[in-house]
Amino acid sequence: WVQGFSNKNFGFINNQTVCYPCGNYILFLDIETKTTTVLQCQTGQVGAFAANGNSQVLAFSDRKLNPIIQIYTFPELSKLTELKGNAQLDYTLLAFSFTGPYLASYSSVPEFVLSVWNWQENILLCSESQPGVTPTSLSFNPMNWQQLCFVTESSITIWHIERNNDEHHLKQNPVKLPDGQGSVSPHEDLFFPVSRSEDPYHGPDLPVSAIAGLV
């Protein structure tokens, strides 16, 4: 039962080793030698999980009250740090940045909070609450750690991590998706309104800022 594979995510921790959580353990499978290494979560079942092949580190949360995120290095399997946030019940998603020591986490009920950490310095950079939102995927832009892709069953949102010296803030940028027929609504021009040239009765097209609200 320890060797079973659940439906949770998995990832490469280096060029030849894939790892995935199962029960109270994380399994590391060398795809060349077929050997398996096991890391046990000392506090119970493994919750959210993420691996970073560039830095050869992995992160996972435990499933208990006030869960913590633990960061281990591979192949030594030594603990680097623990991240203690304000989550009360569970973390649902973790994601490493491709460049830099950054980790994104999302906690489930009751907080529903998206957070970004500097895991090397054990610092919570910024967080944003999204009550009732249940994501299915969370990932960093491979070329820019200051962009996060946040996916739910009905929406895609790009979160920008705005930075000013040591201050960090999350800025939301929803992505317009096609409707059920696959067509995308025309882009709304914030400077000029939709052209009404086919109806000259209304006069010339004016910038939105010049329209006083009169009919």
Side-chain angles (χ1 to χ4, degrees), residues 8-9 11-14 19 21 26 39-152 157-173:
K8 294 190 177 180
N9 59 346
F12 277 93
I13 193 73
N14 60 27
C19 55
I26 292 178
L39 172 65
Q40 182 177 7
C41 177
Q42 301 297 328
T43 52
Q45 186 177 2
V46 176
F49 163 81
N52 186 347
N54 291 337
S55 304
Q56 295 193 33
V57 293
L58 67 143
F60 62 91
S61 64
D62 46 24
R63 307 198 75 177
K64 63 182 182 66
L65 288 177
N66 303 313
I68 60 176
I69 300 171
Q70 304 179 44
I71 308 244
Y72 279 76
T73 181
F74 185 85
E76 298 84 1
L77 297 183
S78 57
K79 184 185 292 187
L80 293 176
T81 186
E82 291 182 349
L83 306 178
K84 298 181 179 179
N86 297 321
Q88 299 179 38
L89 296 180
D90 194 16
Y91 287 100
T92 55
L93 290 173
L94 298 176
F96 276 107
S97 65
F98 290 78
T99 57
Y102 303 104
L103 177 77
S105 66
Y106 191 77
S107 61
S108 62
V109 62
E111 301 90 13
F112 298 103
V113 171
L114 175 65
S115 303
V116 179
W117 308 76
N118 182 325
W119 57 265
Q120 279 188 349
E121 299 181 10
N122 204 328
I123 297 175
L124 175 62
L125 299 178
C126 52
S127 59
E128 192 73 30
S129 178
Q130 300 186 90
V133 177
T134 303
T136 57
S137 174
L138 178 65
S139 60
F140 277 91
N141 182 343
M143 305 300 294
N144 182 4
W145 73 269
Q146 291 180 263
Q147 290 181 345
L148 270 170
C149 183
F150 186 87
V151 182
T152 70
T157 305
I158 304 298
W159 286 91
H160 294 270
I161 304 169
E162 304 289 349
R163 180 178 179 181
N164 179 20
N165 196 13
D166 291 333
E167 292 187 11
H168 297 75
H169 296 279
L170 282 166
K171 181 180 179 182
Q172 189 176 20
N173 185 17

Donor-acceptor pairs under 3.5 angstrom involving side-chain atoms of residues 132-140: please list them, not counting sequence neighbours.
unit_1: Thr136; atom_1: OG1; unit_2: Val151; atom_2: O; d: 3.3

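With contacts defined as side-chain heavy-atom distances shorter than 4.5 Å, the pair Pro21/Gln45 does not qualify. Side-chain contact between Gln120 and Asn118 is present, with heavy atoms from C-beta onward closer than 4.5 Å. The shortest side-chain heavy-atom distance between Ile71 and Leu58 does not fall under the 4.5 Å cut-off. Between Leu170 and Val116 there is a side-chain heavy-atom pair separated by less than 4.5 Å. In this structure, Gln172 and Gln130 have side chains that are in contact, with non-hydrogen atoms separated by less than 4.5 Å.
With 3.5 Å as the limit, one finds a donor-acceptor pair spanning the side chains of Trp117 and Ser105. At a cut-off of 3.5 Å, with distance as the only test, no side-chain donor of Ser108 or Asp90 sits close to an acceptor on the other residue.
To the nearest 0.5 Å, atom CD1 of residue Ile69 and atom CG of residue Leu103 are 5.5 Å apart. Ile26 CD1 to Gln40 CD: the interatomic distance, rounded to the nearest 0.5 Å, is 11.0 Å. The CD1 atom of Ile158 sits 11.5 Å away from the CZ atom of Phe150 when rounded to the nearest 0.5 Å. How far NE2 of His168 is from OH of Tyr102: 6.0 Å, rounded to the nearest 0.5 Å. Atom CG of Leu148 sits about 4.5 Å away from atom CD1 of Ile161, to the nearest 0.5 Å. The line from CG of Leu114 to OH of Tyr106 is 7.5 Å long, rounded to the nearest 0.5 Å.
Remark: the backbone N or O of Gln146 is paired with a side-chain donor or acceptor of Asn144 at under 3.5 angstrom. In this structure a side-chain-to-backbone donor-acceptor pair under 3.5 Å is present from Ser97 to Gly100. Under a 3.5 Å cut-off, the side chain of Asn122 and the backbone N or O of Glu82 do form a donor-acceptor pair.
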**Pair Val57-Tyr72, side chain to side chain contact (heavy atoms under 4.5 Å, CB included): steps then yes or no** = CA-CA 6 Å; Val57 293; Tyr72 279 76; over 6 Å; no
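For Lys64, the NZ atom is densely surrounded, since the number of other residues' heavy atoms within 6.0 Å is greater than 12. No more than 12 heavy atoms of other residues, nucleotides or ligands lie within 6.0 Å of CG in Asn86, so this atom counts as exposed by the packing criterion. The environment of Lys84 atom NZ is sparse: at most 12 non-hydrogen atoms of other residues, nucleotides or ligands sit within 6.0 angstrom.
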